[in-house]
Amino acid sequence: MNKDEREQARAFASLDYEGFRQLAQRTDLSRYQRIGFPDSLRAGRESEIFQDICAKLPLLDQGEELTVLDIGPGCSDLPNLVIDHCKARKNRLILVDSLEMLADLPEGDGIEKIEGPFPQCAPLLGGLQCATDVILCYSVLHYVFAEGQIFGFLDAALKLLRPGGGMMMIGDIPNASMRRRFLASAAGAAFHRAYTGSDVPPDLGFNQAAEGEMDDAVLISLISRARAAGVDAWILSQPPHLPMSNRREDLILRRP
């Protein structure tokens with residue numbers, strides 16, 4: 001990323017639901033910037049991201065006439081790939097986001113749009129209780145965490161999963177602990193020099209609380225909470241060719 005994109009990324013990091021609503025209305029921004037990403041991190045990359053999603057949620061490829069829920073799809077290429085994929089398989093697809101984001105996504109048979117932040121809008125999804133085959137939530141959880149609703153979010157989502165194999169992917173989760181481990185390596189130091197244009201070493205901050213950030217402790221607590229609720233859960237790495245694989249991970253959940 002260039003300097004302007006680095007500054008843009010820092011500004012995007014503090015967004016909340018209302019901030020995304022405002023971004024969605026900005027005609028001066030690209031579709032990637034309107035979901036909180038500099039162009040260099042998403043332009044031409046979202047088909048690769050979708051391939052990884054399908055690999056980790058095999059029901060998306062293997063099943064037909066499923067009920068699929070996408071929480072916070074945004075308005076870039078990725079939700080359109082999800083829509084086309086579900087249409088081809090005659091899946092019922094429910095999209096949950098702000099009215100401003102949803103307005104930029106196509107209408108069609110089998111597509112339902114629910115306005116509002118999750119889990120506050122969960123009462124509108126009552127018919128999906130224990131009946132949802134696949135839930136996708138990509139590049140969203142860290143904003144939920146910043147608002148202090150992370151366990152309520154997880155609990156509400158797990159209640160929707162179908163017993164007997166319903167799956168959820170909470171994808172692209174920033175992990176401050178993972179980022180520190182990477183920056184402490186030779187490859188991470190080289191990455192930091194290229195990213196900042198400076199020879200000043202990164203501030204690793206080992207053995208310090210990652211205030212305001214998700215870290216190993218947060219992800220492990222999510223796994224523990226899901227498993228305590230009777231849902232299998234795993235943390236998976238991202239393929240190295242994805243744009244933020246050196247500092248983001250995916251959480252996969254499956255209800256037995």
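Each residue takes its place number in the sequence, starting with 1.
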Next on the checklist: If you apply the rule side-chain contact (heavy atoms from CB on, under 4.5 Å), what do you find for Cys54 with His85, and how did you get there?
Outcome noted: CA-CA 10 Å; Cys54 288; His85 194 81; 4.1 Å; yes

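- At distances below 3.5 Å, not a single donor-acceptor pair connects side-chain atoms of Asn91 with backbone N or O atoms of Leu93.
- You'll find the side chain of Asn175 reaches within 4.5 Å of the side chain of Asp216, heavy atoms only.
- Looking at Asp215, its side chain does come within 3.5 Å of a backbone N or O of Val218 through a donor-acceptor pair.
- Each of Leu253, Asp250, Ile235 was checked for a side-chain contact (heavy atoms from CB on, under 4.5 Å) with Ile170, and the lone residue meeting it is Leu253.
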Ignoring hydrogens and angles, write down the donor-acceptor pairs under 3.5 Å from the side chains of residues 154-165, residues two or more places apart or on other chains.
| residue | atom | partner | partner atom | Å |
| --- | --- | --- | --- | --- |
| Asp155 | OD1 | Arg225 | NE | 2.9 |
| Asp155 | OD2 | Arg225 | NE | 3.3 |
| Asp155 | OD2 | Arg225 | NH2 | 2.8 |
| Arg162 | NE | Asp133 | OD1 | 2.5 |
| Arg162 | NH1 | Gly164 | O | 3.2 |
| Arg162 | NH2 | Asp133 | OD1 | 3.4 |

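- Grouping the Ile, Leu, Val, Met, Phe, Trp and Tyr side chains by contacts below 4.5 angstrom, directly or via other members, places Met169 apart from Ile223.
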Going by atom type alone, with no hydrogens or angles, which donor-acceptor pairs under 3.5 Å involve a side-chain atom of residues 69-83 and a protein atom two or more places apart or on another chain?
| residue | atom | partner | partner atom | Å |
| --- | --- | --- | --- | --- |
| Ser76 | OG | Glu46 | OE1 | 3.0 |
| Ser76 | OG | Glu46 | OE2 | 3.0 |
| Asp77 | OD1 | Arg31 | NE | 2.6 |
| Asp77 | OD1 | Arg31 | NH2 | 3.3 |
| Asp77 | OD2 | Tyr32 | OH | 2.5 |
| Asn80 | ND2 | Ser76 | O | 2.9 |

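- Taking every heavy atom of both residues into account, Leu15 and Tyr143 meet most closely at O-CD2, 3.2 Å.
- Both Met168 and Phe145 are part of a single hydrophobic cluster, where members link through side-chain heavy atoms under 4.5 Å apart.
- Donor-acceptor pairing under 3.5 Å is recorded for the side chains of Asp172 and Gln238.
- A distance of 9.5 Å separates CG in Asp28 from CZ in Arg34, rounded to the nearest 0.5 Å.
- Considering CD of Glu18 and CD of Glu100, their distance stands at 7.5 Å, rounded to 0.5 Å.
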Checklist entry - Going through the checks in order, is the side-chain contact (heavy atoms from CB on, under 4.5 Å) test met by Arg92 and Leu128? => result CA-CA 11 Å; Arg92 176 191 180 195; Leu128 300 182; 3.6 Å; yes

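- The two residues Gly230 and Pro256 come nearest to each other via the heavy atoms O-CD, 3.2 Å.
- Counting heavy atoms from C-beta outward, Arg247 and Phe182 have side chains that stay 4.5 Å or more apart.
- Of the possible polar contacts, none joining the Gln129 side chain to the Leu125 backbone as a donor-acceptor pair under 3.5 Å is found.
- Under a hydrophobic clustering in which Ile, Leu, Val, Met, Phe, Trp and Tyr are joined whenever their side-chain heavy atoms come within less than 4.5 Å, directly or via other members, Phe151 and Tyr17 fall into different clusters.
- For residues 80-89, the pairs satisfying salt bridge (Lys or Arg N to Asp or Glu O under 4.0 Å) are Asp61-Arg89, with sequence neighbours left out.
- Linking Ile, Leu, Val, Met, Phe, Trp and Tyr residues whenever their side-chain heavy atoms come within less than 4.5 Å places Ile49 and Met167 in a single cluster.
- Using a distance-only test at 3.5 Å, with no hydrogens or angles considered, a donor-acceptor pair links the side chain of Arg45 to the main chain of His241.
- Distance check: Leu41 CG to Leu242 CG gives 11.5 Å after rounding to the nearest 0.5 Å.
- Residues Arg42 and Ser139 come closest through the heavy atom pair NH2-OG, 3.0 Å.
- Nearest heavy-atom pair across Ser245 and Met178 is O-CE, 3.2 Å.
- To the nearest 0.5 Å, the span separating CG on Asn246 from CZ on Arg181 amounts to 12.0 Å.
- Between Gln33 and Arg26 there is no side-chain heavy-atom pair separated by less than 4.5 Å.
- Counting heavy atoms from C-beta on, the side chains of Met214 and Ile150 come closer than 4.5 Å.
- Within the 4.5 Å cutoff, the side chain of Pro119 has heavy atoms near those of the Gln149 side chain.
- Cluster annotation: Leu99 and Val96 are assigned to distinct hydrophobic clusters (Ile/Leu/Val/Met/Phe/Trp/Tyr, side-chain heavy-atom contacts under 4.5 Å, transitive).
- Between Glu115 and Ser98, the closest heavy-atom pair is CG-C, 4.4 Å.
- Annotation: side chain of Leu219 is not in contact with side chain of Leu251 (no heavy-atom distance under 4.5 Å).
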Checklist entry - Please walk me through it: do Val68 and Leu136 pass side-chain contact (heavy atoms from CB on, under 4.5 Å)? => result CA-CA 8 Å; Val68 180; Leu136 174 62; 5.7 Å; no

Next on the checklist: One pair to check against side-chain contact (heavy atoms from CB on, under 4.5 Å): Arg255 and Cys130. What are the steps and the verdict?
Outcome noted: CA-CA 10 Å; Arg255 182 174 291 283; Cys130 297; 5.8 Å; no

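- Checked for salt-bridge contact, Lys90 and Glu64 miss the test: no charged N lies under 4.0 Å from a carboxylate O.
- Phe153 has its ring centre less than 6.0 Å from the ring centre of Phe118.
- Although no hydrogens or angles enter the test, the distance criterion places a donor-acceptor pair under 3.5 Å between the side chain of Arg227 and the main chain of Ala233.
- For Val231 against Arg254, the heavy-atom pair with the smallest separation is CG1-O, 3.4 Å.
- Using a distance-only test at 3.5 Å, with no hydrogens or angles considered, a donor-acceptor pair links the side chain of Lys113 to the main chain of Leu105.
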